[in-house]
Amino acid sequence: MDDGRWVEVADGVLARRYAELDLTVGLVLGAEHALVVDTRGDARQGAELAAAVRGVTALPLVVAVTHAHFDHCFGTAALRPAAVYAHPRCTAAIRATAAAQRAQWAAYYRRRGDHATADALAGTDPPLPDHAAPATLDLGGRTVVLHHLGAGHTDHDVVVQTGDVVFAGDLVEQGAPPDLGDAVVAAWPGTLDALLALAPTIVVPGHGEPVGPAFVAAQRAELAEVAALHAAVAAGELDVATARRRSPYPDLGWPAPQS
Ligand SMILES: [Zn+2]
């Protein structure tokens with residue numbers, strides 16, 4: 001499981017890449033504090049991340065959680081006593097869904113024969129975020145802005161901006177299609193427009209390698225196609241099977257309409 005590797009995406013701004021779920025988390029270094037973006041998927045993985053962070057910096061830590069999916073926030077315990085920022089709906093979603101996510105994903109790992117991860121996940125009760133985003137954080141000589149730019153991958157995605165780097169959480173996914181399971185598809189393209197309006201040169205996705213704005217624009221166009229198909233199904237103009245066939249992501253489940 002100790003497959004993490006740091007990638008420096010800008011001066012004092014690092015991404016940490018994992019083979020497991022192709023996950024990407026972040027670390028932003030100030031002069032007085034360091035910010036960790038997302039905490040991995042269980043207490044054991046969080047401890048690995050905390051140790052890796054301590055290999056880079058001894059500064060007091062702050063945590064930003066991009067959204068409530070387990071792989072981004074179940075590892076938080078090892079990073080305490082850091083303040084943990086998230087959108088209030090993220091905090092509510094962790095509270096409401098932690099048990100179900102734990103059961104679903106522990107079963108997933110058991111089916112794959114990864115009992116160590118299943119056991120770690122089954123034993124993880126993720127701490128809830130205790131500070132609200134949006135927020136602007138002064139890390140000492142470096143300002144980080146935690147934005148909520150609208151719904152998309154979830155209804156509570158937070159993106160983390162520092163200079164011309166944006167950590168996008170799962171609003172952007174490289175190497176695999178975006179996950180639509182809890183998505184607000186109709187709002188997602190507009191949220192990516194707002195992300196692109198931040199004028200990043202580097203966008204760090206929640207899964208996959210760091211990308212540039214052109215990649216985000218292309219994924220935004222695909223998501224707009226999905227949103228249009230979704231609207232056509234909701235309006236009774238198209239059946240789900242046809243919509244799925246025409247989708248840029250035909251193998252993905254079709255999300256339930258959201259009001
Ligand atoms: Zn997610």
Side-chain angles (χ1 to χ4, degrees), residues 15-26 36-42 45-46 49 63-76 84-109 117 121 124 126-129 133 146-160 166-189 191-192 194-195 203-211 215-216 219-220 222-223 226-227 230 248-249 251-256 258:
R16 187 164 175 83
R17 300 275 295 113
Y18 291 95
E20 179 59 40
L21 300 178
D22 204 16
L23 187 77
T24 306
V25 302
V36 176
V37 182
D38 286 346
T39 65
R40 304 195 67 196
D42 61 48
Q45 292 181 1
L49 173 60
V63 170
V65 168
T66 59
H67 65 292
H69 290 154
F70 85 103
D71 44 332
H72 300 266
C73 65
F74 272 35
T76 297
V84 182
Y85 286 81
H87 192 284
R89 283 196 294 273
C90 176
T91 305
I94 295 171
R95 185 185 287 116
T97 68
Q101 291 196 69
R102 188 163 48 229
Q104 176 191 343
W105 286 93
Y108 163 87
Y109 284 111
T117 302
L121 185 51
T124 298
L128 294 175
L146 313 183
H147 299 275
H148 174 63
L149 302 173
H153 175 66
T154 67
D155 68 358
H156 57 256
D157 304 290
V158 164
V159 311
V160 176
V166 167
F167 291 88
D170 287 357
L171 284 169
V172 176
E173 188 152 345
Q174 186 276 333
D179 172 40
L180 307 181
D182 291 323
V184 185
V185 177
W188 199 333
T191 299
L192 288 182
L195 189 156
V203 176
V204 181
H207 301 268
E209 297 288 345
V211 298
F215 179 96
V216 177
Q219 194 152 77
R220 182 243 180 259
E222 292 176 342
L223 285 161
V226 174
H230 198 262
Y249 315 122
D251 296 333
L252 292 190
W254 196 251
Q258 307 226 359

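Numbering of ligands and ligand atoms starts at 1, following listing order.
Within the 2.8 Å limit, His153 places at least one N, O or S atom next to the Zn ion (ligand 1). Residue Asp170 counts as close to the Zn ion (ligand 1), with an N, O or S atom under 2.8 Å.
Ring geometry for Phe74 against Phe70 counts as perpendicular: the plane angle is over 60°, on a 0 to 90° scale with 30° as the lower cut.
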Show every donor-acceptor pair shorter than 3.5 Å between a side-chain atom in residues 85-92 and any protein atom, with sequence neighbours excluded, or say none if there are none.
from  : atom 1 : to     : atom 2 : distance (Å)
His87 : ND1    : Arg89  : N      : 3.0
Arg89 : NE     : Asp155 : O      : 3.1
Arg89 : NH2    : Asp155 : O      : 2.9

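Within the model, atoms OH of Tyr249 and CG of Asp179 stand 11.5 Å from one another, a figure rounded to the nearest 0.5 Å.
His69 contributes atom ND1 as its closest N/O/S atom to the Zn ion (ligand 1). The closest approach of His67 to the Zn ion (ligand 1), by N/O/S atoms, is made by NE2.
Glu173 has its side chain out of reach of Asp22: every pair of non-hydrogen atoms, C-beta onward, lies at least 4.5 Å apart.
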